[in-house]
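Quick notes on the structure that follows.
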Amino acid sequence: MKKDLISIADLSLKDIQKIFSQAKRIKKNPNRYAGTLKGKTLALIFEKPSNRTYVSFSVGMYQLGGNAIYLGPEQVQLGVRESIHDVAKTLSRYVDGIVLRTFAHQTVLKMAQYADVPVINGLSDYSHPCQALADVFTIQEKLGLSYNKIIMAYVGDGNNVCNSLIFIAAKLGMHLKIASPKGYLPKEEVVKKASIEAKETGSFIELFTNPQEAVYQADIIYTDVWTSMGQEREAQKRRSDFKGFQINEQLLSLAKKNVLVMHCLPAHRGEEITDSVIDGKHSIVFDQAENRLHVQKAILVSLLKS
Ligand code: CP
Ligand code: NVA
């Protein structure tokens with residue numbers, strides 16, 4: 001049966017460990033995997049812009065001996081030019097896997113339901129699983145600690161990236177302290193769903209409306225844009241609502257001395273993060289971005305290799 005990657009919540013601990021060990025091998029010795037997906041094609045349906053996700057999946061396929069085809073908003077027009085069902089069924093006759101970046105999470109679920117080939121969530125308004133996997137892989141590389149010794153503070157919008165971090169933290173036993181302004185905390189249903197697993201793994205997921213409290217003694221400070229793709233009309237209001245939630249030197253000083261700063265990128269410099277922090281010695285944002293490539297190659301091998 002084909003496997004998809006829709007949400008971290010669907011993965012077992014073993015699945016995640018397998019992806020990480022494969023990513024480690026691939027990163028160390030990429031040439032050994034050069035022909036692993038020879039003759040395979042990946043369709044990239046992107047209804048939103050992308051740098052990292054689009055480029056790393058395309059380059060990843062190329063490096064594995066396969067091919068990637070970009071289908072932008074003009075081409076497929078899911079549900080407008082053609083139903084999701086008909087797109088899924090048609091593409092399944094041509095390609096070996098589909099990456100979908102879209103708005104409604106329901107669209108990813110429907111694509112996975114109808115496609116006969118693996119579907120990978122390349123970001124929806126609900127989650128960004130490939131990002132969270134690369135993030136934790138990066139944390140492991142940098143800290144090498146057992147998960148329940150790691151405290152991550154996420155400061156910003158309780159958005160898609162935050163949701164996937166919640167799911168992965170709960171699954172692995174990592175501690176997550178989230179600070180968002182009132183009205184922007186992650187949805188209760190997400191925290192509730194993750195809490196069941198968090199109880200078993202010993203992870204604590206805590207919510208704050210004060211960033212100072214969240215970053216206190218943190219090993220990692222993570223942030224994302226205040227205005228996600230599709231929310232551009234709210235940008236001005238959000239800039240004002242998120243005042244005080246910027247990652248700057250002052251906030252950094254409350255965390256552990258060797259705190260790592262992470263951002264999924266793209267960054268709105270001067271809003272959620274200052275230049276001096278993102279370019280400073282604590283920042284690992286480009287190592288994090290690089291690992292999107294290695295981790296996604298591992299995901300591609302695990303889903304597409306026959
Ligand atoms: N982090 C991330 O997914 O970046 P892109 O939007 O550029 O793909
Ligand atoms: N939350 C951001 C993440 C971009 C990678 C967005 O959805 O625009």
Side-chain angles (χ1 to χ4, degrees), residues 5-8 42-61 68 70-73 98-108 120-139 154-168 176 178-181 183-187 190 220-235 237-239 241-242 245-247 261-269 271-273 278 283-297 299-300:
L5 175 52
I6 307 300
S7 171
I8 298 286
L42 183 70
L44 301 164
I45 308 179
F46 276 53
E47 298 193 307
K48 290 174 175 174
S50 170
N51 171 4
R52 281 142 291 271
T53 309
Y54 165 57
V55 178
S56 56
F57 268 115
S58 308
V59 171
M61 275 307 279
Y70 173 72
L71 299 163
I98 298 169
V99 177
L100 174 58
R101 168 167 286 200
T102 188
F103 294 86
H105 189 65
Q106 199 59 24
T107 307
V108 186
I120 299 171
N121 176 3
L123 179 147
S124 70
D125 287 346
Y126 177 68
S127 64
H128 196 3
C130 298
Q131 180 71 53
L133 286 165
D135 294 342
V136 175
F137 181 80
T138 309
I139 291 168
Y154 177 95
V155 178
D157 190 18
N159 60 15
N160 44 9
V161 168
C162 182
N163 287 346
S164 290
L165 289 171
I166 292 174
F167 289 131
I168 206 159
L176 185 57
I178 300 161
S180 317
Y184 295 97
L185 281 161
K187 290 214 164 55
V190 172
I220 297 150
I221 298 180
Y222 197 119
T223 192
D224 183 15
V225 290
W226 294 338
T227 301
S228 284
M229 292 179 279
Q231 300 172 331
E232 287 78 7
R233 271 185 306 182
E234 298 169 28
K237 177 170 175 12
R238 284 172 170 266
R239 266 194 291 270
D241 292 347
F242 279 85
F245 284 75
Q246 184 187 62
I247 310 299
V261 173
M262 301 182 76
H263 192 312
C264 57
L265 304 177
H268 292 167
R269 288 164 174 257
E271 289 192 15
E272 76 277 2
I273 194 159
I278 201 166
S283 172
I284 56 166
V285 300
F286 296 113
D287 292 333
Q288 181 186 356
E290 180 191 327
N291 279 333
R292 295 289 305 278
L293 172 67
H294 309 298
V295 171
Q296 284 162 200
K297 282 170 79 179
I299 293 168
L300 289 169

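Just so you know, ligand 1 is whichever comes first in the structure, and atom 1 is the first atom listed for that ligand. As the structure is a computational prediction, the values presented were derived from the model and not from experiment.
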query = Does D125 come within less than 4.0 angstrom of ligand 2, counting non-hydrogen atoms of the residue?
reply = no
key: atom 3 (C) of ligand 2 - nearest protein heavy atom and its distance   = D224 OD2, 3.6 Å
request  = For the pair R101 and E47, find out whether any cationic side-chain nitrogen is under 4.0 Å from an anionic carboxylate oxygen.
outcome  = no
inquiry  = Closer than 4.0 Å to some heavy atom of N159 - which atoms of ligand 2 meet that?
reply    = 1 (N)
key: Sub-3.5 Å N/O-N/O distance, S228 and ligand 2   = yes
ask   = Is a side-chain donor-acceptor pair under 3.5 Å present for N159 with Y154?
value = yes
request  = For the residue pair D157 and S180, confirm or rule out a side-chain donor-acceptor distance under 3.5 Å.
outcome  = no
task = Apply side chain to side chain contact (heavy atoms under 4.5 Å, CB included) to M61 and L300, showing your working.
result = CA-CA 8 Å; M61 275 307 279; L300 289 169; 3.8 Å; yes
query = Quick check: does any side chain N or O of S50 sit under 3.5 Å from a backbone N or O of Y54, one acting as donor and the other as acceptor?
reply = yes
key: Under 3.5 Å side-chain donor-acceptor pair for E272 and H268   = no
ask   = Does one side chain, of N291 or T138, offer a donor that lies under 3.5 Å from an acceptor on the other?
value = yes
ask   = In terms of side-chain geometry, is the basic nitrogen of K48 or D125 positioned less than 4.0 Å from the acidic oxygen of its partner?
value = yes
query = Tell me, which protein residue and heavy-atom name are nearest atom 7 (O) of ligand 2, and how many Å apart are they?
reply = N160 ND2, 2.8 Å
query = Quick one: do the Q296 and S56 side chains pair a donor with an acceptor below 3.5 Å?
reply = yes
inquiry  = Below 4.0 Å, non-hydrogen atoms only: which portion of T53 touches ligand 2? Side chain, backbone, both or neither.
reply    = neither
request  = Indicate whether any N or O donor in one side chain lies under 3.5 Å from an N or O acceptor in the other, for D241 and Y184.
outcome  = yes
inquiry  = Which protein residues come within less than 4.0 angstrom of ligand 1, counting heavy atoms only?
reply    = S50, N51, R52, T53, R101, H128, Q131, C264, L265, R292
request  = Enumerate the atoms of ligand 2 whose separation from the nearest heavy atom of L123 is less than 4.0 angstrom.
outcome  = 3 (C), 4 (C), 5 (C), 7 (O)
inquiry  = Between E232 and G230 (side chain of the first, backbone of the second, donor and acceptor by atom type, cut-off under 3.5 Å), is there such a pair?
reply    = yes
task = Check ligand 2 against L265 and write out every atom of the ligand that is under 4.0 Å from a heavy-atom position of the residue.
result = 5 (C)
task = Starting from atom 8 (O) of ligand 2, find the nearest protein heavy-atom neighbour and note its residue, name and distance.
result = M229 N, 2.8 Å
ask   = Quick check: does K48 get an N/O under 3.5 Å from an N/O on ligand 2?
value = no
